[in-house]
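Following: one structure in structure tokens, then a few remarks.
Remember, it's 1-based here, ligands and their atoms both numbered in the order they're listed. FYI, the numbering just counts along the sequence from 1.
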Amino acid sequence: MDLFKNIKKWITFGAKSYLFMILSSISYKGGVGKSTLSQNLAVLFAKQGHKVCIVDADESNVTVKWSGIRMEEERKPVVPVVSMTDPKAIIGTIKQLYADYDIILIDSPPSYQPISAKIMLISHLILFPIKPTGRSELWTASDILERYQETQQMKEAKTPAFFVINDYDPRPSFHKSFIEVLKEVGEEYKVPTLKTLIHHRTVFGEANSKGTGVVEESNVKAKTEIENLGKEVMDLI
Ligand SMILES: Nc1ncnc2c1ncn2[C@@H]1O[C@H](COP(=O)(O)OP(=O)(O)O)[C@@H](O)[C@H]1O
Ligand SMILES: [Mg+2]
């Protein structure tokens, strides 16, 4: 899968082969885990030795604040977070960052805005976090898929995109059937769901409050989920 093809126009580093990935976390709904996935994958990849930064494109600046706590606590590795909410300036910001980082994660706003379309255009890989909790999540998913299709029609090479189930609870059978329905909804748009399920675990909230990722916390199950998600993402490239 050539994830680089779609931005070759403005990357002038020619054929130099090194890992450079813009990975975005998108949903038009709040509270589904966009910031959680951005923060946790950033910490995971940074711990694995990649040069990682996050672009926080949400005006609420939640990930900027998370990084403020991380800095105050002097946690290592350092994960720089840049705030950028201007759709006209985001490409310029990323151009400035790509020489210094291997992986740029974009944490998106919780509604459809001009910057959301830009993010879909410039990403190499898109994750759509979704909670398997109700019909409204499926409506939002359909809306996202429509927008995704619109933006991809403007590009030569399609950006691979995947749903990520977050806040999963194995007890209600509804969560299992939700995944089946989502699979059908995504099929038409060629947007599959990643295998890793991120379960509902309080440690995600704790890590968020402490400026950490769950891979730095003691909850082995949460840590394994994020490691598996990171591996699934890396295996795609
Ligand atoms: N898997 C999870 N288990 C428990 N709490 C979670 C989980 N994922 C996210 N949260 C919590 O839910 C809230 C919303 O998540 P967040 O990532 O900020 O959503 P978004 O960025 O999509 O608005 C946060 O307080 C976060 O800590
Ligand atoms: Mg957020």
Examine distances only and state if a side-chain atom of Ser123 and a backbone atom of Met120 form a donor-acceptor pair shorter than 3.5 Å. no
Which ligand 1 atoms does Gly33 reach within 4.0 Å, using its non-hydrogen atoms? 16 (P), 17 (O), 19 (O), 20 (P), 22 (O)
Minimum side-chain heavy-atom gap Ser116-Pro109 below 4.5 Å: yes
Considering heavy atoms of the protein only, find what lies nearest to atom 8 (N) of ligand 1 and give residue, atom and distance to 0.1 Å. Asn166 ND2, 3.0 Å
Just which atoms of ligand 1 are under 4.0 Å from any heavy atom in Gly30? 23 (O)
Check each atom of ligand 1 against the heavy atoms of Val32 and keep those under 4.0 Å away; list them by number with element. 19 (O), 20 (P), 22 (O)
Aromatic rings Phe128 and Phe163: how do their planes relate, parallel, tilted or perpendicular, breaks at 30° and 60°? tilted
At what distance is the nearest protein heavy atom to atom 22 (O) of ligand 1, and which residue and atom is it? Lys34 NZ, 2.7 Å
Verify the contact flag for atom 13 (C) of ligand 1, where contact means a protein heavy atom under 4.0 Å away. no
Counting non-hydrogen protein atoms only, what is the nearest one to atom 25 (O) of ligand 1? Give residue, atom name and distance. Asn208 OD1, 4.5 Å
Atoms of ligand 1, numbered as shown, that sit under 4.0 Å from any heavy atom of His199: 1 (N), 2 (C), 3 (N)
Heavy-atom nearest neighbour in the protein, as seen from atom 18 (O) of ligand 1, with distance rounded to 0.1 Å: Ser35 CB, 3.9 Å
Gln39-Thr63 side chain donor-acceptor pair, cut-off 3.5 Å: yes
Just need the protein heavy atom nearest to atom 3 (N) of ligand 1, so name the residue and atom and give the distance. Arg201 N, 3.0 Å
Among Thr93, Asp58, Asp56, Asn61, which residue satisfies the side-chain hydrogen bond (donor to acceptor under 3.5 Å, both in side chains) criterion with Ser83? Asn61
Side-chain donor-acceptor pair under 3.5 Å between Lys158 and Tyr148, yes or no? yes
Could you give me a count of protein N/O/S atoms that are under 2.8 Å from the Mg ion (ligand 2)? 1
For Gln152 and Thr159, indicate whether the former's side chain and the latter's backbone hold a donor-acceptor pair under 3.5 Å. yes
Tell me whether ligand 1 is touched by Ser27 - counting only heavy atoms on the residue side and a distance under 4.0 Å. no
Neighbour count >12 (heavy atoms, 6.0 Å) for atom NZ, Lys231: no
shortest atom 23 (O) of ligand 1-to-protein heavy-atom contact is with Gly31 N, 2.7 Å
For the residue pair Met21 and Val233, establish whether any side-chain heavy-atom pair is separated by less than 4.5 Å. yes
All heavy atoms of Pro192 vs all of Ala161, minimum pair found to be CD-O, 3.5 Å
With His175, which residues qualify under ring pair (Phe, Tyr, Trp, His ring centres under 6.0 Å), at least two apart? Tyr168
Within a reach of under 6.0 Å around CD of Gln153, are more than 12 heavy atoms found that belong to other residues, nucleotides or ligands? yes
Side chain to side chain, Phe162 and Glu232, heavy atoms closer than 4.5 Å: no
Can you check whether Asp107 has an N/O within less than 3.5 Å of an N/O in ligand 1? no
Among all the protein's non-hydrogen atoms, which is closest to atom 6 (C) of ligand 1, and how far away is it? Phe204 CB, 3.9 Å
Show which atoms of ligand 1 fall inside a sub-4.0 Å distance from at least one heavy-atom site of Asp167. 1 (N), 2 (C), 3 (N), 4 (C), 7 (C)
Which residue owns the protein heavy atom closest to atom 10 (N) of ligand 1, what's the atom, and how far is it? Thr36 OG1, 4.1 Å
Identify, by atom number and element, the atoms of ligand 1 in contact range of Gly205, meaning under 4.0 Å from any of its heavy atoms. 27 (O)
Partner of Glu216 under side-chain hydrogen bond (donor to acceptor under 3.5 Å, both in side chains), chosen from Lys47, Arg70, Lys210, Lys223: Arg70
